[in-house]
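Everything on this sheet refers to the single structure shown next.
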Amino acid sequence: MTPHLDSISGGGDGGGDEGIKSETLKAMYIRVKRNKVTYFVQCDPTETTLEIKQKLQGLIDQTSNNQRLTLVSTNEVLDDSKTLADQKVENDAIVGLSIRKDDNEFEEVCIARVEDYTPFS
């Protein structure tokens, strides 16, 4: 199940620049990975990391405060209050998902690679 983006459609009273700005925004996808699972999340650059975590919450049954997202290309932990654009998260970016463990620490980012799989014969 892929969450759908509804924040592009505008909002506001239609009388200001809001409609114009929202029409020029491009929907994008990010690949959120944890172990052998990949979630393709539709979003836009103005969404915050917290909003992405809230989309994931329904898919992974973990509250947003028990999730940590890391931009794999830079190994930077994404800040909940900043937008994806502010943190240089681009279309088709790979984001690692970590879950808080019982000891209140986050697990290491673990993403299985294709080479790690045994081919079927």
Side-chain angles (χ1 to χ4, degrees):
M1 177 171 131
T2 303
H4 293 285
L5 175 66
D6 58 6
S7 58
I8 296 187
S9 62
D13 61 7
D17 291 335
E18 296 167 292
I20 295 169
K21 288 179 187 173
S22 64
E23 289 172 5
T24 59
L25 290 177
K26 301 284 185 204
M28 64 183 216
Y29 286 89
I30 58 173
R31 291 182 280 168
V32 179
K33 296 185 171 223
R34 178 173 181 252
N35 299 322
K36 295 181 180 179
V37 179
T38 299
Y39 302 96
F40 291 88
V41 180
Q42 186 178 12
C43 51
D44 81 50
T46 62
E47 287 185 86
T48 63
T49 301
L50 181 59
E51 290 171 312
I52 301 305
K53 287 180 175 182
Q54 290 168 341
K55 288 181 179 187
L56 289 168
Q57 185 170 330
L59 297 172
I60 65 171
D61 198 30
Q62 291 287 334
T63 61
S64 56
N65 64 331
N66 284 333
Q67 302 171 40
R68 182 169 65 186
L69 299 178
T70 304
L71 185 58
V72 172
S73 63
T74 62
N75 207 30
E76 294 290 325
V77 174
L78 299 179
D79 184 323
D80 283 356
S81 64
K82 293 183 180 177
T83 67
L84 298 177
D86 290 341
Q87 299 176 92
K88 311 266 188 284
V89 178
E90 298 178 349
N91 186 46
D92 205 31
I94 298 174
V95 177
L97 169 64
S98 302
I99 303 298
R100 191 180 307 273
K101 300 182 293 185
D102 291 335
D103 63 3
N104 216 27
E105 295 295 319
F106 282 99
E107 64 191 11
E108 293 294 319
V109 173
C110 180
I111 300 172
R113 300 173 306 172
V114 174
E115 304 85 51
D116 297 338
Y117 297 110
T118 304
F120 292 102
S121 25

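For the single chain, residues carry numbers from 1 onward in sequence order.
Between Glu107 and Arg34, at least one side-chain N (NZ, or NE/NH1/NH2) sits under 4.0 Å from a carboxylate O, which counts as a salt bridge.
Smallest separation of non-hydrogen atoms from Gln57 and Gln62: CG-O, 3.3 Å. When every heavy atom of Ser81 is checked against every heavy atom of Thr48, the shortest pair comes out as O-CG2, 3.9 Å. Nearest heavy atoms, Ile52 versus Cys43: CD1-CB, 3.6 Å. Here the closest non-hydrogen pair linking Ala93 and Leu71 is CB-CD1, 4.0 Å. Minimum heavy-atom separation, Asp44 to Met28: CA-CG, 4.3 Å.
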Would Ile60 and Leu97 count as a side chain to side chain contact (heavy atoms under 4.5 Å, CB included) if you check the C-alpha gap in whole Å, the side-chain angles of each, and the deciding distance to 0.1 Å? CA-CA 10 Å; Ile60 65 171; Leu97 169 64; 3.8 Å; yes
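Distance check: Lys53 NZ to Glu47 CD gives 14.5 Å after rounding to the nearest 0.5 Å. One distance of note links CD1 of Ile99 with CZ of Arg68; it measures 10.5 Å at 0.5 Å rounding. Note that the OG1 atom of Thr83 and the CG atom of Leu78 stand 10.5 Å from one another [nearest 0.5 Å]. If you take OG1 on Thr49 and CG on Leu84, they are separated by 5.5 Å, rounding to the nearest 0.5 Å. Rounded to the nearest 0.5 Å, atoms NZ (Lys88) and OG (Ser73) are 11.5 Å apart. To the nearest 0.5 Å, atom CG of residue Leu69 and atom CD1 of residue Ile30 are 7.0 Å apart.
In this structure a side-chain-to-backbone donor-acceptor pair under 3.5 Å is present from Gln87 to Asp79.
Residue pairs meeting the side-chain hydrogen bond (donor to acceptor under 3.5 Å, both in side chains) criterion with at least one member in residues 91-104, sequence neighbours excluded, are Arg31-Asp92, Asn66-Arg100.
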